[in-house]
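Accompanying notes for the structure given below.
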Amino acid sequence: MEEANAVQDREHKFLTIAVQEAHKGAECGHGRPFGAVVVRNDEIVISCHNMVLARTDPTAHAEVTAIREACKKLNKIELSDCEMYASCEPCPMCFGAIYLSKIKRLVYGAKAEAAIAIGYNAFIADALRGTGFYQKGHLEIKRADGNASHIAEQVFEKSKAKFHIH
């Protein structure tokens, strides 16, 4: 029981910092109210908030920004010895970044529905839960025809010896 309380206290500590980042980012106008903290060996590597407005970058979500900054700080592209604490359930893009960075553990606070309730796009929760259709209303998606797609596929074959994919 003591161990469970210690884990809960630790999670509460880092999640509180992520929530503080969410407030900070919203208050200073950098972006939406989302925060994330990357932790390694019980030490904070980086704490970030959403920077979409400040950087004029729709991909500068708190989690993606935290991953980018942690990778720079640690000088590596794999964060397999790190955990992330996010103020809210990550969107599909952020979840993809978390997965690709190999972060070993994710703890989040609010469910996506809390953000949806105040006007954020339901696509986030639908995509995470597999309950929605791809929402591409304004976006045409088409695979290139013929030789163009073949040339694009060749890059993988030609470069496979250069990169060790695990």
Q: Side-chain contact test, heavy atoms from C-beta onward, threshold under 4.5 Å: evaluate it for His23 versus Gln20 and give yes or no.
A: no
Q: Run the numbers on Arg40 and Leu79 for side-chain contact (heavy atoms from CB on, under 4.5 Å), then give the verdict.
A: CA-CA 9 Å; Arg40 184 173 73 164; Leu79 301 173; over 6 Å; no
Q: Report the residues that fulfil side chain to side chain donor-acceptor pair (under 3.5 Å) with Ser80, sequence neighbours left out, ordered by chain and then residue number.
A: Glu78
Q.
Assess whether a salt bridge exists between Asp81 and Arg105, defined as any Lys/Arg side-chain N lying under 4.0 Å from an Asp/Glu carboxylate O.
A. no
Q | Taking every non-hydrogen atom, the tightest pair across Met93 and Pro58 | A | CE-O, 4.2 Å
Q) For the atom pair SG (Cys82) and CD1 (Ile67), what is the distance rounded to the nearest 0.5 Å? A) 10.0 Å
**Q.** Closest approach of Gly25 to His49 (non-hydrogen atoms, all atoms of both residues)
**A.** CA-CD2, 3.2 Å
Q) Could you give the distance from OG1 (Thr65) to CD (Glu69), rounded to the nearest 0.5 Å? A) 7.0 Å
Q) Roughly how far apart are Lys111 NZ and Glu89 CD, rounded to 0.5 Å? A) 6.5 Å
Q: Please round to the nearest 0.5 Å and tell me the distance separating atom CD1 of Ile17 and atom NZ of Lys24.
A: 11.5 Å
Q) Considering residues, nucleotides and ligands other than Lys104, do more than 12 of their heavy atoms fall under 6.0 Å from its NZ? A) yes
Q) Just checking, any donor-acceptor pair under 3.5 angstrom between side chains of Ser101 and Arg68? A) no
Q) If you group Ile, Leu, Val, Met, Phe, Trp and Tyr by side-chain heavy-atom gaps below 4.5 Å, do Ile44 and Val107 land in one group? A) yes
Q) Where do Glu21 and Gly35 come nearest, in terms of heavy atoms and distance? A) CB-CA, 4.0 Å
Q: Run through the side-chain heavy atoms of Ile, Leu, Val, Met, Phe, Trp and Tyr, join any pair under 4.5 Å, and report what else lands in Val52's cluster.
A: none
Q) How would you list all residue pairs meeting salt bridge (Lys or Arg N to Asp or Glu O under 4.0 Å) that involve residues 41-53, not counting sequence neighbours? A) Arg10-Asp42
Q) Do Ile46 and Met84 belong together in a cluster built from hydrophobic side chains that touch within less than 4.5 Å? A) yes
Q.
Side chains of Arg32 and Leu53, heavy atoms from C-beta outward: is any pair under 4.5 Å?
A. yes
Q: Measure the CZ-SG distance between Phe34 and Cys91 for me, rounded to the nearest 0.5 Å.
A: 8.5 Å
Q) Which pair of heavy atoms, one from Ala36 and one from Ala66, lies closest together, and at what distance? A) CB-CB, 4.1 Å
(Q) How long is the straight-line distance from OH of Tyr108 back to OG of Ser87, given to the nearest 0.5 Å? (A) 12.0 Å
Q: Report whether Val45 and Leu106 are members of the same hydrophobic cluster (ILVMFWY, side-chain heavy atoms less than 4.5 Å apart, transitive linking).
A: yes
(Q) Using 30° and 60° as the class boundaries, would you call the ring planes of Tyr85 and Phe14 parallel, tilted or perpendicular? (A) tilted
Q: Consider only side-chain heavy atoms of I, L, V, M, F, W and Y, link residues closer than 4.5 Å, and tell whether Leu74 and Ile98 are in one cluster.
A: yes
